[in-house]
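Letters A, B, ... mirror the listed sequences (proteins, then strands); counts begin at 1.
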Amino acid sequence: MQLSEQELIRRQSLRELIKLGINPYPAELFEVNTSALDIHTHYPNQKIDYKDVSIAGRIMSRRVMGNASFAELQDETGRIQVYFRRDDICPGEDKTLYNTVFKKLLDIGDIIGVKGYVFTTQTGEISIHVTSFKVLSKSLKPLPVVKETKDEQGNVVLHDAFTDPEQRYRQRYVDLVVNPHVRDAFIKRTKLVNSMREYLNNKGYLEVETPILQPLYGGAAARPFKTHHNTLDMTLYLRIANELYLKRLIVGGFNGVYEFSKDFRNEGMSRFHNPEFTQVELYVAYKDYYWMMDLVEEMIEKVAIDLHGITEVKVGEHVIDFKRPWKRFTMYEAIQHFTGIDISEMDEAALRETCKKLQVPVDNTMGKGKLIDQVFGEKCEPNLVQPTFITDYPLEMSPLAKKHRSKPGLVERFEAICNRKEICNSFSELNDPLDQRERFEEQLELGKRGDEEAMTLDEDFLRALEYGMPPTAGLGIGIDRLSMVMTNSPSIQDVIFFPQMKPEKQAEVSTEADFAAIGVRAELLPILQKLGIHTVEQLKGIKATKLFNDIPGMRKKLKLDAVQNPTLQEIEGWLK
RNA sequence: GAUCUAGUAGCUCAGUCGGUAGAGCAAUACACUUUUAAUGUAUGGGUCCUGGGUUCGAGUCCCAGCUGGAUCACCA
């Protein structure tokens, strides 16, 4: 119930197709031997090969003109114009297939298969001259109509584009059909993952899978999603990271392991945060974080080239160049560079004073590490557009990283910042089991003091370290964040097919059966709808005499002569 | 969680001072044998997000809610 006018018309067309003996949803396959892109690229040079083509796709526009018509068919690769001529489709006396089926019963959005030959129209557009067509799927909902034109530079310009973000994310299938740039962004995302996988496989690292359901969550500082296993009757958490499992595999003797993993964090959402997101984590034995920096540069440069052909990527108003080598700053150097202040020798009190001077907001719970991080976040990160490595972080913030080989109070850690956001995080992994236990215990203290993101102590992980883990370099790259940069997308929702949303609420509407149950004839429903009465409850709140007046009035206005007016008695019956 | 902002036809959007709800595309009908944002003529299409309030009268003003978006906070 409550179908729009256009939906009703399409359902009617569906019935008429069936009446004509046409199955609108045939079961058998439709053989395709080319694609829109293939025709556009190769037809001009190999005309001979396109005398007998078969292609399938969605009708995206129609221009019907008497005995000949044009339509645009869209397949996975793009659009191709198709040309229908009545006497080619219907060589005999019966012109139903063209006059009725094509002209009246097909709509924008329907999926059809066509056979014919490729030619070039007088206006120079490569098109398919259709000799036969087949309905493959009738579309019952009108697609948002987006018209395309090309400007002088040949760029596609969209008119009346489907832009409402809420609808685009809720109905991504529609977004993908009508917004070609959306599809491109997702194709680039997949290419990005493939490019990395290829790089890592060529180095001989092993792609592995580790548990998503974990009895203890660890490897990062974040609140988890909690769930319950019935048979084991135990709490399980969706992983916030897979770091601790991958390191167990390094203990087990693998030299290099990586995993593309969906991780889950029960935190606020924003245009940079979705509750489930993707990371690739990599661990390589006998390496350190300097070595890992070289790997990151090399791999991301390759990704940029695989996606764009060059190392430069346009992001917002900037052009970001991933060409090696990237700038490297220690955190202290970066702060000195952007504020002119050397904080390397400062104690907590001096830092606090510096923050005040720089107007960096702080609170009393912040320790030394947190203060340094705060200065960096406020004064440095916003300036880092080109890919830059920041190295040597305060120890307090990195409970899984190895202490710096020469600088006390710091760890061997780096992040790559790009377009003002972190895109990766890496360290020389802490493999000293006694040190690791102490760090975990410090985290437990933080937890007791109310830090909801403090790490838990994982005894099994410590046991693994106690057997001995080789010196190891570890890396995590946020795939969503990197995809945003590589596809020039301002929101994470543009690189996740189905971003998390609150459920949509349907307006409360009673069904035909609900109305029938209290004795309302179905033919009266359009009248009630017109009167603004959509639910039985609503109806029952109205006086019988008012309905007795209003219904015949609206019946007359709608010219529903065939409908019999209800009697007052009948109406009183509904309201009982 | 806070602030700002939006929700009107299938889509994109207008709606003046509070007074009968509008346009383009899409749809329907007719015309048209190479159009291309096809064209011309005519027609139909609305829970103005929901619920309250003020008012003779609310798409419009007020309050509350729902669902987005932006910024911030939290967080990579």
Check your understanding: With rounding to whole Å, what would you report as the distance between B:rA64 and B:rG69 at their P atoms?
Key -> 22 Å

The Watson-Crick or G-U wobble partner of B:rA23, with both key distances under 3.5 Å, is B:rU12

Between CG of A:N179 and C1' of B:rC11 the distance, given in whole Å, is 11 Å

Contacts of A:K138 meeting side chain to side chain donor-acceptor pair (under 3.5 Å) (sequence neighbours excluded), chain-then-number -> A:D107, A:D110

For this session: Output, in order, the C-alpha distance, side-chain angles, deciding distance and verdict of side chain to side chain contact (heavy atoms under 4.5 Å, CB included) for A:F119 and A:K47.
Result: CA-CA 8 Å; A:F119 73 112; A:K47 298 204 161 107; over 6 Å; no

pair_partner(B:rG68), Watson-Crick or wobble, both distances < 3.5 Å, evaluates to B:rU5

Looking only at B:rU35, B:rC11, B:rC13, the nucleotide nearest the A:Q122 side chain is B:rU35

Distances under 3.5 Å between protein N/O atoms and the N/O atoms of nucleotides 6-8 of chain B, please, pair by pair.
none

When rounded to whole Å, the CG to P distance for the pair A:L8 and B:rG10 reads 11 Å

Review point. Is there a donor and acceptor pair closer than 3.5 Å between the side chain of A:Q81 and the base of B:rU35?
Key: yes

| OP1 or OP2 of B:rU35 under 4.0 Å from side-chain N/O of A:R63 | no

Exercise for the section: Provide the distance between the two C1' atoms, one in B:rG45 and one in B:rG57, to the nearest whole Å. Expected result: 26 Å

If pairing means Watson-Crick or G-U wobble with both distances under 3.5 Å, then the partner of B:rA58 is none

Taking the C1' atom in each of B:rA21 and B:rG46, what is the distance between them to the nearest angstrom? 8 Å

By salt bridge (charged side-chain N to carboxylate O under 4.0 Å, His left out), A:E243 pairs with (sequence neighbours left out) A:K247

Exercise. When only distance counts, do a donor and an acceptor, one from the side chain of A:T121 and one from the base of B:rU35, lie under 3.5 Å apart?
Worked result: yes

In B/S/- notation (B base, S sugar-phosphate only, - none; protein heavy atoms under 4.0 Å), nucleotides 24-33 of chain B written 5' to 3' is BSBSSSS-BB

Comparing nearest nucleotides in RNA chain B, the 5'-proximal residue of the pair A:A161, A:N425 is A:A161

Checklist entry - Once the angle between the rings of A:F102 and A:F133 is folded into 0 to 90°, is it parallel (under 30°), tilted (30 to 60°) or perpendicular (over 60°)? => result perpendicular

d(A:I477 CD1, A:I300 CD1) to nearest 0.5 Å is 4.0 Å

task = With C1' as the reference atom in both, quote the distance from B:rG15 to B:rG68 in angstrom, rounded to an integer.
result = 23 Å

### Message
Between A:K368 and A:E396 (salt bridge meaning N to carboxylate O under 4.0 Å), is one present in this structure?
### Response
no

Across every strand shown, the nucleotide meeting Watson-Crick or G-U wobble geometry with B:rG51 (both distances under 3.5 Å) is B:rC63

With sequence neighbours left out, the residues meeting side chain to side chain donor-acceptor pair (under 3.5 Å) with A:R413 are A:S398, A:E415, A:N425

Residue pairs meeting salt bridge (charged side-chain N to carboxylate O under 4.0 Å, His left out), one or both in residues 168-182 of chain A, sequence neighbours left out, come to A:E166-A:R170, A:R168-A:D175, A:R168-A:D494, A:R172-A:D175

* Asked: Are a donor atom and an acceptor atom from the side chains of A:D88 and A:T131 found within less than 3.5 Å of each other?
  -> no

*With no hydrogens and no angle check, is any side-chain donor or acceptor of A:D480 less than 3.5 Å from a backbone partner on A:T278?*
yes

Distance between P atoms of B:rC4 and B:rG40 (Å, rounded)
47 Å

Residue pairs meeting salt bridge (charged side-chain N to carboxylate O under 4.0 Å, His left out), one or both in residues 259-281 of chain A, sequence neighbours left out, come to A:R223-A:E267, A:R239-A:E259, A:R239-A:D263, A:K262-A:E276

Listed pairs under 3.5 Å, donor-acceptor, residues 381-391 of chain A side chains, sequence neighbours left out:
residue	atom	partner	partner atom	Å
A:N383	ND2	A:K379	O	2.8
A:Q386	OE1	A:D321	N	2.8
A:Q386	NE2	A:V319	O	2.7
A:T388	OG1	A:Q386	O	2.8
A:T391	OG1	A:F329	O	3.4

Contacts of A:T487 meeting side chain to side chain donor-acceptor pair (under 3.5 Å) (sequence neighbours excluded), chain-then-number -> A:S489

**Asked** When rounded to the nearest Å, what value does the distance between P atoms of B:rU55 and B:rU47 take?
**Response** 29 Å

Partner of B:rU33 under the Watson-Crick or G-U wobble criteria, both distances under 3.5 Å, comes out as none

Check your understanding: Going by an N to O cut-off under 4.0 Å, is there a salt bridge joining A:D75 and A:R58?
Key -> no

Between CG of A:L140 and C1' of B:rG10 the distance, given in whole Å, is 14 Å

A:F84 CZ to B:rU35 P, in whole Å, measures 18 Å

### Query
Taking atom P in both B:rU50 and B:rU35, what distance in whole Å separates the two?
47 Å

Re B:rA42: Watson-Crick or G-U wobble partner, both distances kept under 3.5 Å, found to be B:rU28

Applying side chain to side chain donor-acceptor pair (under 3.5 Å) to A:E412 and not counting sequence neighbours gives A:R405, A:S428

Kindly give the atom pairs (protein nitrogen or oxygen, nucleotide nitrogen or oxygen) under 3.5 Å for nucleotides 21-23 of chain B.
none

Exercise. Sticking with atom P, work out how far B:rA70 lies from B:rG18, rounded to a whole angstrom.
Key: 32 Å

Going 5' to 3' through nucleotides 68-74 of chain B and flagging B where a protein heavy-atom sits under 4.0 Å of the base, S where only the sugar-phosphate is that close, and - otherwise, we get SSSS--B

